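Here the structure is a predicted model, which is why all the values come from computation and not from measurement. The figures here come from the full heavy-atom set of this structure, side chains too, leaving out hydrogens, waters and symmetry mates.
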Amino acid sequence: MQVTMTVNGVEYTREIEGRMLLVHFLRDVLGLTGTHWGCDTSNCGVCVVWMDGEPVKSCTVLAAMAGGREVRTVEGLANGAELDPIQEGFRQCHGLQCGFCTPGMLMTCRALLDKNPDPTEGEIREAISGQICRCTGYSSIIRSVRWTAVHEAKAKEEVAQA
């Protein structure tokens, strides 16, 4: 079957098997290997991407279901060489160790901050509750999200004052 979708602002049309998962389409067909594939049961969250602006676990979505939709992967976060603030927050606050969960965490946390620019620790924990990180103990991830929230607020304030 043929599927057409927009991924990170670029439209792609490809022939696929109807049973192909979105995670495999992104990784194997498009070569976007930033989206990781972990548990194969939708428990770990390393495969989170956005579909039409909402985080989804791409191991539970058929590529055919993404036809006609907008998909955003971790490769689509940065603006050229400029990191997205959540990426910078993870860098500044050591929100990653091995990095395996990081793409899914980044996509989930960016979505949280887009909906709630000043989340509490509890709200962050709830947002990432579908993600598994075996290295950080989550505290550095929470610090990274809070760092990002503070710095984005400061940046908006500076723009408003200019």
Side-chain angles (χ1 to χ4, degrees), residues 1-117 119 124 126-136 138 140-141 144-145 147-149 151-152:
M1 72 178 297
Q2 191 174 75
V3 67
T4 301
M5 69 183 78
T6 302
V7 181
N8 299 330
V10 178
E11 186 174 279
Y12 295 93
T13 300
R14 298 289 190 276
E15 283 292 326
I16 62 165
E17 288 187 36
R19 63 188 175 139
M20 178 178 271
L21 294 172
L22 181 57
V23 67
H24 296 302
F25 180 80
L26 296 170
R27 291 182 58 80
D28 302 336
V29 176
L30 300 185
L32 297 171
T33 58
T35 301
H36 292 165
W37 179 44
C39 65
D40 204 24
T41 60
S42 82
N43 289 318
C44 72
V46 302
C47 67
V48 170
V49 298
W50 292 2
M51 192 162 62
D52 293 338
E54 291 296 321
V56 298
K57 292 180 178 178
S58 62
C59 74
T60 63
V61 176
L62 293 171
M65 294 167 64
R69 302 178 97 175
E70 293 271 339
V71 175
R72 187 174 182 195
T73 70
V74 70
E75 290 93 344
L77 278 181
N79 183 10
E82 183 181 336
L83 294 178
D84 183 272
I86 192 65
Q87 292 171 307
E88 184 62 27
F90 269 61
R91 190 178 79 78
Q92 290 290 329
C93 299
H94 311 287
L96 64 127
Q97 286 183 12
C98 82
F100 193 70
C101 74
T102 304
M105 284 286 187
L106 288 169
M107 298 306 290
T108 298
C109 293
R110 177 75 268 158
L112 168 65
L113 289 168
D114 287 351
K115 288 185 171 88
N116 179 358
I124 297 166
E126 183 177 336
I128 63 173
S129 65
Q131 316 283 125
I132 295 175
C133 176
R134 291 179 172 91
C135 299
T136 66
Y138 300 96
S140 59
I141 293 168
S144 300
V145 176
W147 183 95
T148 304
H151 282 81
E152 285 186 325

Check: Does the pair Arg72 and Glu54 meet the rule for a salt bridge (Lys or Arg N to Asp or Glu O under 4.0 Å), with working shown?
Finding: CA-CA 9 Å; Arg72 187 174 182 195; Glu54 291 296 321; over 6 Å; no
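- Atom CD of Gln92 has more than 12 neighbouring heavy atoms from other residues, nucleotides or ligands inside a 6.0 Å radius.
- Taking His151 as the reference, Trp147 meet the ring pair (Phe, Tyr, Trp, His ring centres under 6.0 Å) condition, with sequence neighbours excluded.
- Minimum heavy-atom separation, Ala111 to Pro55: CB-CG, 3.5 Å.
- The closest side-chain heavy-atom distance from Val61 to Leu21 is not below 4.5 Å.
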Next item on the list: Starting from the C-alpha separation in whole Å, work towards a yes-or-no answer on side chain to side chain contact (heavy atoms under 4.5 Å, CB included) for Met5 and Arg69.
Entry: CA-CA 5 Å; Met5 69 183 78; Arg69 302 178 97 175; 5.6 Å; no
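- The side-chain heavy atoms of Leu26 and Val71, taken from C-beta on, include a pair separated by under 4.5 Å.
- By the salt bridge (charged side-chain N to carboxylate O under 4.0 Å, His left out) test, Glu152 pairs with Arg110, sequence neighbours left out.
- Only one option out of Thr33, Thr35, Asn8 pairs with Thr73 in a side-chain hydrogen bond (donor to acceptor under 3.5 Å, both in side chains); it is Asn8.
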Note to self: Could you walk me through whether Thr4 and Glu11 satisfy the side chain to side chain donor-acceptor pair (under 3.5 Å) test, starting with their C-alpha distance in whole Å, then the side-chain angles of each, then the deciding distance to 0.1 Å, before giving a yes or no?
What the structure shows: CA-CA 7 Å; Thr4 301; Glu11 186 174 279; 5.5 Å; no
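- Gln131 and Thr108 share a side-chain donor-acceptor pair at under 3.5 Å.
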Notebook entry, point to check: Checking side chain to side chain contact (heavy atoms under 4.5 Å, CB included) for the pair Met107/Leu77: CA distance, chi angles, key distance, verdict?
Noted result: CA-CA 8 Å; Met107 298 306 290; Leu77 278 181; 3.8 Å; yes
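- In this structure, Thr148 and Gly89 approach most closely via the heavy-atom pair OG1-CA, 3.5 Å.
- The closest side-chain heavy-atom distance from Leu112 to Glu126 is not below 4.5 Å.
- If you take CD on Gln87 and SG on Cys109, they are separated by 11.5 Å, rounding to the nearest 0.5 Å.
- Residues Val3 and Thr13 are not in side-chain contact: their nearest non-hydrogen atoms beyond the backbone lie 4.5 Å or more apart.
- Qualifying ring pair (Phe, Tyr, Trp, His ring centres under 6.0 Å) partners for Phe100, counting only residues two or more places apart in sequence or in other chains: His36.
- Between Glu17 and Phe25, every side-chain heavy-atom pair lies at or beyond the 4.5 Å cut-off.
- Rounding to the nearest 0.5 Å places CG of Leu96 at 8.0 Å from OG of Ser140.
- You'll find the side chain of Leu22 stays beyond 4.5 Å of the side chain of Met65, heavy atoms only.
- Two residues are said to be in side-chain contact when any heavy atoms from C-beta on lie closer than 4.5 Å; Pro103 and Val48 fail this criterion.
- Tyr138 contributes atom OH, which lies 14.0 Å from atom OG of Ser144 (distance to the nearest 0.5 angstrom).
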Next item on the list: Test side chain to side chain contact (heavy atoms under 4.5 Å, CB included) on Phe90 and Ile141 and set out the steps.
Entry: CA-CA 7 Å; Phe90 269 61; Ile141 293 168; 3.8 Å; yes
